[in-house]
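Comments concern the structure below.
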There are 2 protein chains.
Amino acid sequence: MALKNKTRYAILGILSIHSGTGYDIKKYCDTVISNFWNENFGHIYPVLNQLLEDGWIQTDESSSPRKKVYSITETGRQEFLRWLAEPAGYQPERSEFLLKFTFSSNLDKKAILRMLSDYRKMHCDRLDKYQLMQKDLQKGLKDVVPERELFLYAPLRLGILNTRAAIDWCDEIMMALEKSN
Amino acid sequence: MALKNKTRYAILGILSIHSGTGYDIKKYCDTVISNFWNENFGHIYPVLNQLLEDGWIQTDESSSPRKKVYSITETGRQEFLRWLAEPAGYQPERSEFLLKFTFSSNLDKKAILRMLSDYRKMHCDRLDKYQLMQKDLQKGLKDVVPERELFLYAPLRLGILNTRAAIDWCDEIMMALEKSN
DNA sequence: CTTTTCATGTAAGAAGTTACATGATTGC
DNA sequence: GCAATCATGTAACTTCTTACATGAAAAG
């Protein structure tokens, strides 16, 4: 069976909030939802053309070849709602860090502790970033309508909880490692 | 710049623990490290042939065309250690669930609560599975040498912490949603 | 006037999934 | 004897990333 092209729906979702250019879409990914999503130009532009051909989006009158402003069509909105309604499907996780870690049993203790403390550091930095994003959101920066606030806050909140869990995990495992043999 | 073929290193890592067939490698992925890694046959077999050509792995004498037992070579082991030493590189996260969730502000409350409770259920099931895996590990099932125990336990432990965080998050957000307007 | 940001795209290739095809061996 | 598991692979395809190329508009 077909693979699901998630980029189509990500773009559709973003355009369901505001109309905008490919560039705007990229920016939205890199700021508002960077926490749990990413897209790159090499993918966005071709998919925009697909969506246009399928009639799920359209170009606004204000568009020029230099700046194409897209908006979602009625068909697109219906298609998007259909997608929203289907359950999110199993996502196999892949952690390169854990892959490295699990095969590190032969390294010396110092090297493993460094791996863990680097990983911890990365998550501390990430936590700071998320907390800043959260503050920005609470201050009502960005043009967020109140009804959407929870829907932007919640994913960030999950990011924070997971990041904290990762930091705790690092502490726990570093402790266990230091005690061992 | 080259993309990193992670499958190469996953296979190399598995073969650094025990020699085995492509089928064994798949099984190892589906059981021992399924928590944070996955591979499929359509990728494993071609990559095994690449690794063989590169001289990073070899076929054992016991091999037949029907059952090829691979083991890591000295070159392969060195290459693997080199890879282990480099830091794990940024991994962009992508959560289809959060993508759906963040664009759900227009759905009615009931539908959103169902999304969340489905997601919660999924994580509860996952938690059960992880806790079973943890027990199996503690009982010393599988042929785990003591030095490797922590390196199998720890990734599972992170899985458990993250899963619990997700469950807590669902409770928190469902609560917030029920209170609102 | 110079740098940064805005803006659109293509080409090449890597990475990963799914479906298909085939048959031996083991356990019941 | 039959079903499940073991075992290997290919073909077609989708998805995604990286690098390259170009140039307008805004900000300093």
Side-chain angles (χ1 to χ4, degrees), chain A residues 1-12 14-15 18-31 34 36-54 57 59-60 62-70 83 89-96 99, chain B residues 1-12 14-15 18-31 34 36-54 57 59-60 62-70 83 89-96 99:
Chain A
M1 269 291 138
L3 300 183
K4 287 274 142 157
N5 188 336
K6 293 168 195 169
T7 297
R8 288 174 79 90
Y9 293 99
I11 291 178
L12 224 46
I14 295 167
L15 292 179
H18 342 258
S19 301
T21 65
Y23 194 87
D24 292 334
I25 289 167
K26 169 71 167 141
K27 210 169 165 189
Y28 192 92
C29 291
D30 289 349
T31 53
S34 65
F36 58 88
W37 203 257
N38 70 297
E39 292 294 348
N40 52 330
F41 287 126
H43 209 187
I44 289 172
Y45 289 113
V47 170
L48 278 171
N49 284 323
Q50 276 176 34
L51 290 172
L52 199 59
E53 259 190 66
D54 295 344
I57 63 175
T59 48
D60 290 4
S62 63
S63 293
S64 72
R66 293 250 345 124
K67 181 171 176 165
K68 301 183 186 169
V69 179
Y70 295 98
W83 174 78
Y90 171 68
Q91 261 192 291
E93 275 200 75
R94 261 185 150 189
S95 162
E96 198 183 336
L99 188 66
Chain B
M1 270 286 149
L3 300 183
K4 287 276 140 158
N5 187 334
K6 294 169 195 167
T7 298
R8 289 174 77 91
Y9 294 98
I11 290 179
L12 224 46
I14 295 167
L15 292 179
H18 343 257
S19 301
T21 65
Y23 194 88
D24 292 334
I25 289 167
K26 169 71 168 139
K27 210 170 165 189
Y28 192 94
C29 291
D30 289 349
T31 52
S34 65
F36 59 89
W37 204 257
N38 69 299
E39 292 294 346
N40 51 329
F41 287 125
H43 211 185
I44 289 172
Y45 288 114
V47 170
L48 278 171
N49 285 322
Q50 276 176 33
L51 291 171
L52 199 59
E53 259 189 65
D54 295 343
I57 62 174
T59 48
D60 291 3
S62 63
S63 293
S64 72
R66 291 249 347 122
K67 181 171 178 165
K68 300 185 186 168
V69 180
Y70 294 98
W83 174 79
Y90 172 68
Q91 261 193 292
E93 274 201 73
R94 260 183 150 190
S95 161
E96 199 182 337
L99 187 67

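Chain A is the first sequence line, chain B the second, and so forth, proteins listed ahead of strands; every chain is numbered from 1.
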Distance below 4.0 Å between K6(A) side-chain N/O and dC16(D) OP1 or OP2:
no
Minimum-distance nucleotide to F41(A) side chain [options: dT17(D), dT8(C), dT8(D)]:
dT8(C)
Under 4.0 angstrom between N38(B) side-chain N/O and dT17(C) OP1 or OP2:
yes
For dC6(D), does OP1 or OP2 lie under 4.0 Å from any side-chain N or O of K67(B)?
no
Report yes if a side-chain nitrogen or oxygen of N5(A) is closer than 4.0 Å to either non-bridging phosphate oxygen (OP1 or OP2) of dT14(D); otherwise report no.
no
How long is the line joining NZ of K26(A) and P of dT18(D), in whole Å?
10 Å
Listed by chain and number, what are the side chain to side chain donor-acceptor pair (under 3.5 Å) partners of K26(B), not counting sequence neighbours?
D30(B)
Below 4.0 angstrom from OP1 or OP2 of dC6(C), is there any side-chain N or O of T21(A)?
no
Roughly how many Å is it from OH in Y45(A) to P in dT8(C), rounded to a whole number?
4 Å
Are any non-hydrogen side-chain atoms of E96(A) and W83(B) less than 4.5 angstrom apart?
yes
Rounded to the nearest Å, what distance is computed from the CG atom of residue L51(B) to the C1' atom of nucleotide dT8(D)?
16 Å
Length of the line joining I44(A):CD1 and dA7(C):P, which is rounded to integer Å
13 Å
H43(A) NE2 to dA15(C) P: how many Å, rounded?
16 Å
Of the nucleotides dC6(C), dG16(C), dT8(D), which has the atom closest to the Y23(A) side chain?
dC6(C)
Taking atom SG of C29(B) and atom CD1 of I11(B), what is their separation to the nearest 0.5 Å?
7.5 Å
Can you tell me how far apart CG (D24(A)) and NE2 (H18(A)) are? Round to the nearest 0.5 Å.
9.0 Å
Quick note, R94(B) side chain, CB onward, closest among dT8(C), dC16(D), dT10(C) is dC16(D)
Given DNA chain D, 5'-ward residue of the pair K27(B) and P46(B), judged by closest heavy atom:
K27(B)
From dT15(D), dA7(C), dA24(C), pick the nucleotide closest to the side chain of R66(A)?
dA7(C)
Contacts of D60(A) that satisfy salt bridge (Lys or Arg N to Asp or Glu O under 4.0 Å) - sequence neighbours left out
none
Round to the nearest Å and state the distance from N40(A) atom CG to dT18(D) atom C1'.
8 Å
Tell me the interatomic distance from E39(B), atom CD, to dA15(C), atom C1', rounded to whole angstroms.
10 Å
Below the 4.0 Å mark, does dG16(C) have OP1 or OP2 next to a side-chain nitrogen or oxygen of T7(B)?
yes
Name the nucleic acid region contacted by G22(A), choosing base, sugar-phosphate or nothing; use a 4.0 angstrom heavy-atom cut-off, strictly under.
sugar-phosphate
Starting at CG of N49(A) and ending at P of dT15(D), how long is that distance when rounded to a whole Å?
16 Å
